[in-house]
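Scope of the values below: all heavy atoms of this structure, side chains included, with no hydrogens, waters or symmetry mates.
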Amino acid sequence: MSFNLSPFDAMVVVWAALAIPVFIYSLVGTDNVGRTGANPRGPRVAARWGWVVMELPALCVLPAVYLSAGNRYLVADLLVAAWVIHYAHRTLLWPWIVPRYSWPMPVATCVSGFVFNVINGLLIGWFLGYAADYPREWLLDDRFIVGAAAFLTGAALNVTSDYRLAWMRHQQNGRYVIPQGGAFRLLSSPNLAGEMVEWIGFALMAWSLPALAFALWIAANLIPRALWRHRWYRRTFPDYPESRRAVIPGVL
């Protein structure tokens, strides 16, 4: 059996494969950001500005590459719109609406996130603009419909959990508390779980290697982070609910 991958597909496969060692390293490593931060060495930047700089390429690169192709069609327009709406919120609203109590972000984390978002924006934007050829009937395909439902469900879970957690911290003047209510009854990090569901849904909607690679990278980054947070909650709060899981109800 032979696989005839185009140079672009081969590049995407290599990029996706790189998520595996990152996932393994993250499982045994420590988080350098937020409540579980390991006090890394090196310069730092204010968390709010670090977040904006890190996420800005995700907002700009993909639509810029797609629009530069001049190959506009409805399905790709909807996929790009879903991407832009997510990252417009993450880049332009979330850092400024939510009070920031976090320690400064390591510059290395900011730079790595910036590069990560540039690469994914280039790969997915190039595919949608230059390689994809979705017929309008794709909007009625089961994969697109299930993916859209997962994307919207995950986005709602991600955003509502983020804001619920931020509101609880605001009520406590920045002190960390045991999250309560909503999906926090089941999970320590429903916001991270929601983001994973969101991008799995996007991968189904797009049904492409670049979108699948992005979903794999999201899982490789967020599953370890959810586990770090879960362990931190258990260490910090002796009365933390025993039945609560990190990121998958009843499983993990």
Side-chain angles (χ1 to χ4, degrees), residues 2-19 22 51-94 111-156 158-159 194-222:
S2 62
F3 296 94
N4 296 317
L5 294 177
S6 69
F8 176 76
D9 287 342
M11 182 169 56
V12 175
V13 169
V14 170
W15 172 241
L18 290 175
V22 170
W51 187 268
V52 171
V53 170
M54 183 170 64
E55 299 285 32
L56 191 60
L59 175 62
C60 299
V61 173
L62 186 152
V65 174
Y66 172 64
L67 292 174
S68 71
N71 184 26
R72 298 282 302 279
Y73 48 98
L74 180 60
V75 175
D77 282 350
L78 291 175
L79 291 169
V80 173
W83 179 281
V84 168
I85 289 170
H86 172 92
Y87 279 106
H89 170 260
R90 298 282 281 180
T91 308
L92 304 178
L93 295 179
W94 170 251
V111 171
S112 64
F114 183 96
V115 173
F116 172 79
N117 285 322
V118 167
I119 293 172
N120 286 297
L122 288 172
L123 294 177
I124 300 175
W126 193 94
F127 174 82
L128 293 177
Y130 292 93
D133 185 22
Y134 298 104
R136 280 180 174 263
E137 291 75 18
W138 180 250
L139 296 175
L140 300 177
D141 189 280
D142 290 344
R143 289 163 290 184
F144 187 90
I145 294 170
V146 172
F151 183 87
L152 293 173
T153 301
N158 172 248
V159 171
E195 188 163 359
M196 285 191 289
V197 170
E198 186 178 1
W199 294 116
I200 290 170
F202 185 86
L204 286 171
M205 292 165 68
W207 202 251
S208 69
L209 275 176
L212 175 61
F214 183 66
L216 291 174
W217 269 102
I218 290 295
N221 280 309
L222 296 190

Would you please indicate if the ring centroids of W217 and F214 are separated by under 6.0 Å?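 No, the ring of W217 stays outside the 6.0 Å limit from the ring of F214, centre to centre.
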Among residues at least two apart in sequence or on other chains, which ones pass side-chain hydrogen bond (donor to acceptor under 3.5 Å, both in side chains) with W15?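 W15 satisfies side-chain hydrogen bond (donor to acceptor under 3.5 Å, both in side chains) with N120 once adjacent residues are dropped.
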side-chain hydrogen bond (donor to acceptor under 3.5 Å, both in side chains) partners of N117, counting only residues at least two apart: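 Here the qualifying residues are E55.
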With a 4.5 Å limit on heavy-atom distance, are the side chains of [X] and [Y] in contact?
X	Y	answer
Y87	L56	no
W138	W207	yes
N158	R90	yes

Spacing of L67 atom CG and L62 atom CG [to the nearest 0.5 Å]: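 It comes to 9.0 Å.
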Could you tell me the separation between the CD1 atom of I119 and the CD1 atom of I124, rounded to the nearest 0.5 Å?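 Going from CD1 on I119 over to CD1 on I124, the span is 12.0 Å.
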Report the C-alpha distance between F127 and V12 in whole Å, list the side-chain angles of each, state the deciding distance to 0.1 Å, and finish with yes or no for side-chain contact (heavy atoms from CB on, under 4.5 Å). CA-CA 10 Å; F127 174 82; V12 175; over 6 Å; no
Identify each donor-acceptor pair in which a side-chain atom of residues 141-153 lies under 3.5 Å from a protein atom, sequence neighbours left out, and give them as a table.
unit_1, atom_1, unit_2, atom_2, d
D141, OD1, R143, N, 2.8
D141, OD1, R143, NE, 2.9
D141, OD2, R143, NH2, 3.0
T153, OG1, A149, O, 2.8

Side-chain donor-acceptor contacts of residues 76-85 below 3.5 Å, not counting sequence neighbours, with atom names and distances?
unit_1, atom_1, unit_2, atom_2, d
D77, OD1, Y66, OH, 2.8
D77, OD1, R72, NE, 2.8
D77, OD2, R72, NH2, 3.3
W83, NE1, A58, O, 2.6

Give a yes or no on whether the backbone of A69 and the side-chain of W126 come within a donor-acceptor separation of less than 3.5 Å.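 Not at all, since once roles are kept as given, no pair shorter than 3.5 Å links the two residues.
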Sub-3.5 Å donor-acceptor pair from the side chain of Y134 to the main-chain atoms of A206, do we have one?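 It does hold such a pair.
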Any residue meeting ring pair (Phe, Tyr, Trp, His ring centres under 6.0 Å) with Y73, in chain and number order, not counting sequence neighbours: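 Result, ring pair (Phe, Tyr, Trp, His ring centres under 6.0 Å) vs Y73: none returned.
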Step-by-step side-chain contact (heavy atoms from CB on, under 4.5 Å) determination, V53 to F114: CA-CA 7 Å; V53 170; F114 183 96; 4.1 Å; yes
Identify the heavy atoms of [X] and [Y] that sit nearest to each other, and give their distance.
X	Y	result
M54	G113	CG-CA, 3.5 Å
A220	A19	CB-O, 3.6 Å
V61	V118	CG1-O, 3.9 Å

Using the salt bridge (charged side-chain N to carboxylate O under 4.0 Å, His left out) rule, collect all pairs that involve residues 114-128, keeping only residues at least two apart or in two chains.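 Of all non-adjacent pairs touching residues 114-128, none passes salt bridge (charged side-chain N to carboxylate O under 4.0 Å, His left out).
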